[in-house]
Amino acid sequence: MSLRGDGPIEELAIPSGTTVEEHDVVVDGDVLVGGQSTVELGVRGRNVAIGERVRVGDDIEAEGDCRLDTWCSVDGNVLVGEDAYLGERVTVTGRLMVSGDLDIGDDVTIEEGFEANGWIVIRNPVPTIVFYFIVLSQLLRVGETDAADELAEALADGDDVRDPLLVPRSAEISDDAWRVSTPATVGDDCRLHGNLRAASIRVGERNEVFGSLRAREDVTVGADTVIHGDVTTRGGTVTVESGARVLGDVSAGDLVVYDGAEIQGTLRARGEMKLIQETDGEADGANETDADDADEADTPDADEANTPDASETDAPDPDEADTDDVDGGADTNGDESETNDESAENEPSASGDVDGREAADDETADGDETAEIDEKADDETAEEAAPVTADAATAEDES
């Protein structure tokens with residue numbers, strides 16, 4: 001089976017628990033490598049399938065089956081726990097050790113010889129496992145999901161299903177760098193050596209990467225992950241979650257840093273920069289409970305402090321004195337009001353007396369003036385009467 005073309009491997013997927021030991025990539029599950037790739041490290045896994053024209057720079061160890069497609073080259077030994085399938089013009093510079101059956105194509109070169117405990121067939125092999133996958137894909141295509149589940153359980157052989165290590169086509173993997181043109185995903189609890197270069201990168205939790213991360217798009221660094229290098233993206237967003245440590249610089253279009261993250265280098269962002277503080281739900285509940293307890297504790301204290309304590313603390317004499325003062329003030333105000341009422345009653349009478357006196361004075365004055373006028377009138381009358389009398393007397397004398 002050739003892995004020519006884009007194939008089903010659309011990303012670099014590193015499963016959880018993957019480690020790089022010495023010069024080998026150690027995986028608990030299967031290993032699938034796309035065509036025309038270069039893997040300068042050794043490969044150790046359960047089932048190993050290598051595409052065409054792939055060069056492996058060290059040993060291959062497979063607990064289960066191992067398949068090397070056409071024009072592959074292995075610079076080391078190949079150790080297979082079960083069956084081995086070698087395509088045409090495969091080159092192995094070391095020794096081939098197979099515990100089960102061996103199918104070999106034409107023009108295969110094994111420099112240090114080979115050994116197989118089972119059947120050895122020289123032909124262009126079509127592995128049985130590949131046939132199973134073809135049947136499985138056809139069952140899924142026609143909608144026979146029950147039959148596909150039964151076949152998958154038979155292929156699993158009772159073992160736990162584990163995520164495989166997927167290496168896309170034309171990838172370059174070495175102790176210096178992991179270079180792919182597709183997105184890259186790293187699981188949890190991994191330990192990797194080399195710089196990671198991909199279209200986008202997502203690193204899980206509790207990982208340790210001895211290298212830098214560089215991508216064209218988004219980069220995410222999970223919680224409690226340590227990056228021994230820089231984190232760079234051209235125009236994407238870099239997200240550093242809580243507990244993560246970046247020992248180098250961070251450069252991105254947009255930057256999102258969670259509370260608890262540690263970045264020892266320089267932060268550069270051409271767009272937005274966000275610092276996010278997460279709150280734990282339990283902590284919030286505890287805080288709310290504490291707040292409620294505090295409120296309950298403060299409420300009775302405040303009530304006691306405001307009502308009974310204040311009445312007990314304050315001396316009763318000042319309270320009584322204040323009460324007496326208030327009462328006295330009220331009585332005084334009452335007296336003043338009574339006085340004001342009496343003065344109000346007196347004021348009209350006083351004003352009446354004054355008016356009466358003034359009126360009497362005015363009448364007296366008018367009476368005096370009238371008397372004077374009467375006296376003047378009498379005097380004038382008397383004067384007028386006097387000449388008449390004199391004339392009369394003269395007249396009498398003349399007569």
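None of the values given here were measured: they were computed from a predicted structure.
- For the pair Arg206 and Asp224, the salt-bridge criterion is not met [side-chain N within less than 4.0 Å of a carboxylate O].
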Asp24/Asp58 under side-chain contact (heavy atoms from CB on, under 4.5 Å): CA gap, chis, key distance, verdict: CA-CA 8 Å; Asp24 295 335; Asp58 213 324; 4.2 Å; yes
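- Between the Thr225 side chain and the Gly204 main chain, a donor and an acceptor come within less than 3.5 Å of each other.
- No side-chain donor-acceptor contact under 3.5 Å links Asp218 to the backbone of Ser200.
- Closest approach of Pro168 to Thr182, counting heavy atoms only: CG-OG1, 3.4 Å.
- Scanning both residues, Cys190 and Gly17, for their nearest heavy atoms gives SG-N, 3.6 Å.
- Salt bridge annotation for Arg95-Glu115: present, with a cationic side-chain nitrogen under 4.0 angstrom from a carboxylate oxygen.
- Taking CD from Glu88 and CG from Asp107, the interatomic distance works out to 7.0 Å, rounded to the nearest 0.5 Å.
- Using a distance-only test at 3.5 Å, with no hydrogens or angles considered, no donor-acceptor pair links the side chain of Asp259 to the main chain of Ser242.
- Heavy atoms only, all atoms of each residue included: Val238 and Val250 are closest at CG1-CG1, 3.8 Å.
- The closest side-chain heavy-atom distance from Val25 to Thr18 is below 4.5 Å.
- Closest heavy-atom contact between Val219 and Thr232: CG2-O, 4.2 Å.
- In this structure, the side chains of Leu102 and Leu96 come closer than 4.5 Å at one or more pairs of heavy atoms.
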Test log, rule side-chain contact (heavy atoms from CB on, under 4.5 Å), inputs Val20 and Trp178: CA-CA 12 Å; Val20 177; Trp178 297 50; 4.1 Å; yes
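- Separation of atoms CD (Glu172) and OG (Ser181) is listed at 10.0 Å; rounding is to 0.5 Å.
- Shown here for Asp175 and His193, the closest heavy-atom pair between the two residues is OD1-CB, 3.4 Å.
- A donor-acceptor contact shorter than 3.5 Å is absent between the side chain of Asp65 and the backbone of Asn47.
- Here the CD-CD1 distance, from Gln264 to Ile227, works out to 12.5 Å after rounding to the nearest 0.5 Å.
- For His228 against Leu247, the heavy-atom pair with the smallest separation is ND1-CD1, 3.2 Å.
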